[in-house]
Amino acid sequence: MEEKSRRSGKFNVIDIIILLILVVGVAFVATKFLGNRGINQGAGTKIEYTVLVRGVNPDVCDTIMAYKDDNVQLMADAAPVDGYVTDISYAPHINYGEDAAGNAVVSVEEGENARVDMTFTIQATVASVVNNKVGTQEVRIGKSHIVKTSVFELEGYQTVTKTCKVVE
């Protein structure tokens, strides 16, 4: 009977199952290769977020602060990304710890070689606000984030204030 249906051009249940598996497989492969390029494609959405880098050497801070007003472009995989460091600030580094009795101790580093905490404000255009990918990194509160430019590279954490604010 199955041979009769094959010869007459009709589909049976097994043919339909195989066809569905093929369609799902092709869709899966297409999604892996194309990613989320179809979501919010076009001009993109501009976001702004901040990255806190704790315990930066003061000499490194001084060198980076020379680029404060330059809107330095971000990089990923040795290529420029549609994102810029729009502001850089720093404050004395704060150490958090415990004393011998287990009480919380907070101290500010002081002196000529005291480390600093730097905050980078970044504006970038993302293709999809679903994953907020800037280059190869997703922007998420509390997730580590590398601020990489052609001039400097530091790793910090995205802070809660202004994180992922849609600018446009």
Side-chain angles (χ1 to χ4, degrees), residues 28 30-168:
F28 177 76
T31 304
K32 283 294 183 190
F33 283 111
L34 298 177
N36 291 328
R37 292 182 188 152
I39 298 174
N40 204 7
Q41 199 170 19
T45 303
K46 190 174 273 190
I47 63 169
E48 180 179 272
Y49 60 99
T50 57
V51 177
L52 173 65
V53 180
R54 295 180 35 79
V56 178
N57 178 299
D59 293 334
V60 172
C61 177
D62 289 344
T63 303
I64 291 173
M65 288 306 290
Y67 298 95
K68 178 179 177 10
D69 298 322
D70 292 350
N71 284 341
V72 181
Q73 188 169 16
L74 299 177
M75 305 275 295
D77 294 331
V81 172
D82 191 7
Y84 297 86
V85 176
T86 59
D87 190 38
I88 306 170
S89 61
Y90 67 94
H93 178 64
I94 299 173
N95 290 307
Y96 300 93
E98 292 182 356
D99 61 13
N103 299 317
V105 175
V106 178
S107 64
V108 176
E109 284 194 19
E110 296 176 3
E112 188 177 317
N113 293 321
R115 297 176 299 163
V116 297
D117 296 340
M118 297 187 74
T119 302
F120 297 87
T121 301
I122 298 172
Q123 284 190 359
T125 303
V126 295
S128 167
V129 292
V130 174
N131 64 15
N132 285 333
K133 257 190 167 179
V134 176
T136 56
Q137 300 184 89
E138 289 185 6
V139 177
R140 297 280 185 261
I141 295 171
K143 184 175 181 180
S144 67
H145 189 82
I146 299 171
V147 180
K148 181 178 182 181
T149 71
S150 61
V151 182
F152 58 85
E153 179 175 338
L154 294 172
E155 184 172 0
Y157 291 89
Q158 288 135 28
T159 60
V160 177
T161 58
K162 296 191 208 172
T163 301
C164 300
K165 178 176 91 175
V166 175
V167 177
E168 292 180 349

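Of the possible donor and acceptor atoms, one in the side chain of Q73 sits under 3.5 Å from a partner among the backbone N and O of V81. At least one donor-acceptor pair under 3.5 Å links the side chain of D99 to the backbone N or O of A101. The main-chain N or O of T86 is never found under 3.5 Å from a side-chain atom of T121 such that the two would form a donor-acceptor pair.
L154 is listed as a side-chain neighbour of F120, based on a closest heavy-atom distance under 4.5 Å. With contacts defined as side-chain heavy-atom distances shorter than 4.5 Å, the pair K68/D87 qualifies. Counting heavy atoms from C-beta outward, Q137 and K143 have side chains that stay 4.5 Å or more apart. For the pair R115 and N95, the minimum side-chain heavy-atom distance is below 4.5 Å. Counting heavy atoms from C-beta on, the side chains of Y84 and Q123 never come closer than 4.5 Å. R54 is listed as a side-chain neighbour of D117, based on a closest heavy-atom distance under 4.5 Å.
The CE atom of M75 sits 10.0 Å away from the CD atom of E153 when rounded to the nearest 0.5 Å. The NZ atom of K46 sits 7.5 Å away from atom CG of D82, with the distance rounded to the nearest 0.5 Å. The line from CD1 of I88 to CG of N71 is 9.5 Å long, rounded to the nearest 0.5 Å. Residue N57 holds its CG atom at 10.0 Å from CD1 of I64, rounded to the nearest 0.5 Å. Here the straight-line distance linking atom CD1 of I141 with atom CG of N132 works out to 10.0 Å at 0.5 Å rounding.
In this pair, Y67 and F152 present their aromatic rings tilted. The plane angle is within the 30 to 60° band.
Of all non-hydrogen atoms in E112 and P58, the two that sit nearest each other are O-CG, 4.1 Å.
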Exercise. Let me see the working for L74 and I122 under side chain to side chain contact (heavy atoms under 4.5 Å, CB included), right down to the final yes or no.
Key: CA-CA 9 Å; L74 299 177; I122 298 172; 3.6 Å; yes
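Within a 6.0 Å radius of CG in D77, other residues, nucleotides and ligands contribute 12 heavy atoms or fewer.
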